[in-house]
Protein chains: 2
Amino acid sequence: MKLSTRGRYGVKAMFELALNYGSEPLSIKTISEKQNISEYYLEQLFGSLRKAGLVKSIRGAQGGYVLSRPPSEITVGDILDVLEGPIEISECIDDEDNCSRIEYCATRLLWIKIRDSVNQVTHSITLEDMVNDYKSMNIITSIKRGE
Amino acid sequence: MKLSTRGRYGVKAMFELALNYGSEPLSIKTISEKQNISEYYLEQLFGSLRKAGLVKSIRGAQGGYVLSRPPSEITVGDILDVLEGPIEISECIDDEDNCSRIEYCATRLLWIKIRDSVNQVTHSITLEDMVNDYKSMNIITSIKRGE
DNA sequence: TTCAAAGTTGACAAAAATAGTCTGCTATGA
DNA sequence: TCATAGCAGACTATTTTTGTCAACTTTGAA
C-alpha cells in the first residue's frame, strides 16, 4: 500500500505554495524545478487541483498558482482526495449490493476501520501544520549546528 | 490509495481459515470456491503466506491449509505485510540519503504519520477479533429477523 | 498593440504493476 | 498405487501509472 506519485508530488507542490502564501504566484515551471518534477506532469496535477478549488491560477506574464484558501484551511486529506481519489481500501465499502458472501461483514468492517484511520490522520493535518513543523525543524537544525 | 487483490483475497482467505480453526484443513479449492477467487491465483498467495510462517500446509489426500498459530495471535497487519509488502507511503521514509531537498523533512514526517496510523490499526486487529465481530453481527441479524 | 509568458486541454505512449493462467512436478494418505 | 492436494515457476493479458507532447487560449507588460 503506497501513495502514487500524484499524491506525493501534489502534496509537495502544495507545500511549496503554502510556504509562499501571501507572496507572488508560483509558476509551474518554478515549482517543477524546485521539486525536480516534470513540468508537463505537474500541469496535469494542477489541473485537478484547480478544478477541485484548492488552488487559483493567475494567467498571463508573471502568472502562476496560489492557494485559494489559507494553509490552515487546507488539509493533506483534501489534496490526496483530489489526486488519489478517496481512499477505498476495498471496493465494497460503499457498494453493498454486489457483496452478499458470507464473510462480507467481517472484512468490510475491517476495511472501514483502516480507511477511517487514514482519513482521520490526513484530514487533521493542514498545510499550516506542515509549514510550522518545517520551520521548527529548521530552528533545531540551526541550534545543533551551533548557529 | 487502495489495497490490491493480493491483500484483499489474502485476508478473506485467512479469515476463512480462522473460522475453521481447530477443524480439518481447508484446501485451496474449497476456499477458492467459497470466495469465488481463482484457484491458481490463491495458490500463489498461499505460497507467500506459508513461507512467512502464517499457515501450515498438509499435503496428500484430504490435505489443505491451517493457521500455524491461533487466530488471536495473527493480526491483519501480519497478513498485509506479507502480501502487500510493508506499507511505504513514500519511498524516502527509510532512505534518507537521496532526499536532500529543502522540503524533505516536512513531507517525510507526514508520510511517517500516515504509515504509523495504518500500522497501528492493522496490527491491533487479529483474526480472532474479526471472527468475534462476525459472530456478534450474525446474532444481531438474527434478532432483527425476530428469530 | 503586440508579443511572449503562462495556463488549458486532450491525445498519445512507454513502463511498471497487477491479476490471472497454465503446466509439470512432488508428496502423501487412503 | 493412485487420486488428491500442495509446490514452483514460467507466461501473459490487462490496467494503472507516469509521464510526454502539441496545439490552443489568455493576459500582463513593453
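The shown structure was predicted, so the numbers you read here are calculated from the model rather than taken from an experiment. Proteins get letters first, then strands, A, B, ... in listed order; numbering begins at 1 in each.
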For salt bridge (Lys or Arg N to Asp or Glu O under 4.0 Å), just list the numbers for A:Lys113 and B:Asp133, CA-CA rounded to whole Å, side-chain angles, deciding distance to a tenth of an Å, and then say yes or no.
-> CA-CA 13 Å; A:Lys113 284 179 184 172; B:Asp133 281 352; 3.5 Å; yes
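Checking side-chain atoms of B:Asp129 against main-chain N and O of B:Thr126 turns up a donor-acceptor pair under 3.5 Å.
The rotation axes computed at either terminus of the helix from C:dT1-D:dA30 to C:dA30-D:dT1 lie 10° apart, taking five pairs at each end and rounding to 10 degrees.
Of all heavy-atom pairs spanning A:Pro71 and A:Tyr21, the tightest one is CD-CD2, 3.5 Å. Residues A:Glu84 and B:Met1 approach most closely at OE1-N, 3.8 Å, considering heavy atoms. Nearest approach of B:Leu83 to B:Leu45, heavy atoms of both residues: CD2-O, 3.9 Å. Pairing each heavy atom of B:Leu26 with each of B:Glu16, the nearest pair is CD1-O, 3.9 Å. In terms of heavy-atom proximity, B:Leu3 sits nearest to A:Trp111 at CD2-CZ3, 3.4 Å.
With sequence neighbours left out, B:Glu73 forms a side-chain contact (heavy atoms from CB on, under 4.5 Å) with B:Arg69, B:Pro70. Take B:Glu39 and apply the side-chain contact (heavy atoms from CB on, under 4.5 Å) test, not counting sequence neighbours, and it matches B:Ile28, B:Lys29, B:Ser32.
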Indicate for each nucleotide in nucleotides 5-18 of chain D, in 5' to 3' sequence, whether protein heavy atoms under 4.0 Å reach the base (B), only the sugar-phosphate (S), or nothing (-).
-> SBBB-B-------B
Side chains of residues 46-68 of chain A: which donor-acceptor partners sit under 3.5 Å, not counting sequence neighbours?
{"unit_1": "A:Ser68", "atom_1": "OG", "unit_2": "A:Gly53", "atom_2": "O", "d": "2.6"}
{"unit_1": "A:Ser68", "atom_1": "OG", "unit_2": "A:Leu54", "atom_2": "O", "d": "3.0"}

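Scanning DNA chain C 5' to 3' for nucleotides with an atom closer than 4.0 angstrom to a non-hydrogen atom of chain B gives a first and last hit of C:dA19 to C:dA30.
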